[in-house]
Amino acid sequence: MKNLLIALLICIGIAAQAAKPVPSDPKATAETIKLYQKMLKLQSKGMMFGHQDDLPYGTTWYDVEGRSDVREVCGDYPAIFGWELGHLELDHAYSIDSVKFSKISAWIKQMDQQGAINTISWHFHNPLTGGTAWDTSSKKTVAAMLPGGEKNKLYNQYLDKLATFMLGLKDNKGNYIPILFRPFHEHTGSWFWWGKDLCTVAEYKALWRYTVTYLRDTKNIHHLLYTYSTGSISTPEEYLERYPGDDLIDILAFDSYDGAKDFTTSLANNCKIVSKLGAEKGKISAVSEVGGHIAKNPQWWTNVLLETLRPYNMSYALVWRNAYKSTKEIAYAPEKGAVSAEDFVKFYNDPKTLFLKDIK
Ligand code: BMA
């Protein structure tokens, strides 16, 4: 009887283990599976805070060892670190945002060791025209990158460079560091060459499938969690129109910036749609980019962002970069002494938000 009971308990244990959600890549590394399950679990506890290029620069400083605007304001690092690989495809030493790729790798390793999570975006050049990610002059780019297309070989070369970078991301034990990889984002708009008016639904989906298959099966990369990230949308149908498939995607996300009058209503609606779809699919949901005019609205962190996101189980919300000496872009993260700094501390202290110390 006792043996039977033990056997039963073991079976239940195995079944529970098997029922745990896993990433889309059947060969995902143990660390990647662990991160995926950790993020799903954390999602019901709170919302992680992320910041793009937190360590490389702030609006007035550039590459100062140990500096982080977020930590200088609240005493803790973000839980999620965003990085950008634009210009890696051109063999440049520095990214589109003037950060050395070798330093990006080093920072990813450093923050991974401290328990943080890293996400990567890629505003890469238009392989057909040779223009930037914002070059929307041709509707033929995506088709040209696919097998049989005139730029397929060039795209493979871009992916080879990306693969080399990803395969260089190993921790001290020699294990690959899991990365949330977020290419072809904001495709529901038409400001990037992969945007809605620049390629068909089938071409966009094929680009995703080709890219994941190439990285996963040809390059044998199994430490990526693929993030599908639309712009702001209004309906689940709109969100899913170009969704490449459950077998390719791990994180359902969207980007949305505070600009329009109905921002909070639209942000809430996006969270509602994306978190519901995420829950149905057993996948992670996130706000992959967000930002507001924190200088004009010093209570933005609590009144706008926190209170709007509070009812939803979003894994994280990442604010964009504090561009160094920019005349065009505002700072999206808090800065020491800025008018929104005090409010950010309230945001930080709220039990809903999770920073590095909360997720270790
Ligand atoms: C955009 C802007 C650009 C930047 C790009 C890639 O939103 O911040 O200045 O080069 O992201 O990070």
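Counting starts at 1 for both ligands and their atoms, in listed order. Only heavy atoms go into these numbers, but all of them, side chains included; no hydrogens, no water, no symmetry mates.
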Chemist: What are the atoms of ligand 1, with element, lying closer than 4.0 Å to any heavy atom of W320?
Modeler: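 With W320 as reference, the close atoms of ligand 1 come out as 1 (C), 2 (C), 7 (O), 8 (O), 11 (O), 12 (O).
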Chemist: Any idea which protein heavy atom is nearest atom 10 (O) of ligand 1, and the distance to it?
Modeler: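 Checked against all protein heavy atoms, atom 10 (O) of ligand 1 sits closest to D97 OD1, 2.5 Å.
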Chemist: Among all protein heavy atoms, pick out the one at the shortest distance from atom 9 (O) of ligand 1; state its residue, atom name and that distance to 0.1 Å.
Modeler: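 Among all protein heavy atoms, the one nearest atom 9 (O) of ligand 1 is E329 OE2, 2.5 Å.
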Chemist: Linking I/L/V/M/F/W/Y whenever their side-chain heavy atoms sit closer than 4.5 Å, directly or via other members, would L240 and W208 fall into one cluster?
Modeler: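 Yes: a chain of side-chain contacts under 4.5 Å links L240 to W208.
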Chemist: Could you tell me, atom by atom, which parts of ligand 1 come under 4.0 Å of a heavy atom of R321?
Modeler: 3 (C), 4 (C), 8 (O), 9 (O)
Chemist: Does this structure show an ion pair linking R310 with E307, if we count only N-O contacts that are shorter than 4.0 Å?
Modeler: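 Salt bridge present between R310 and E307.
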Chemist: Which heavy-atom pair separates W134 from F192 by the least distance, and what is that distance?
Modeler: NE1-CE2, 3.2 Å
Chemist: Does the ring centre of Y228 sit less than 6.0 Å away from the ring centre of Y243?
Modeler: yes
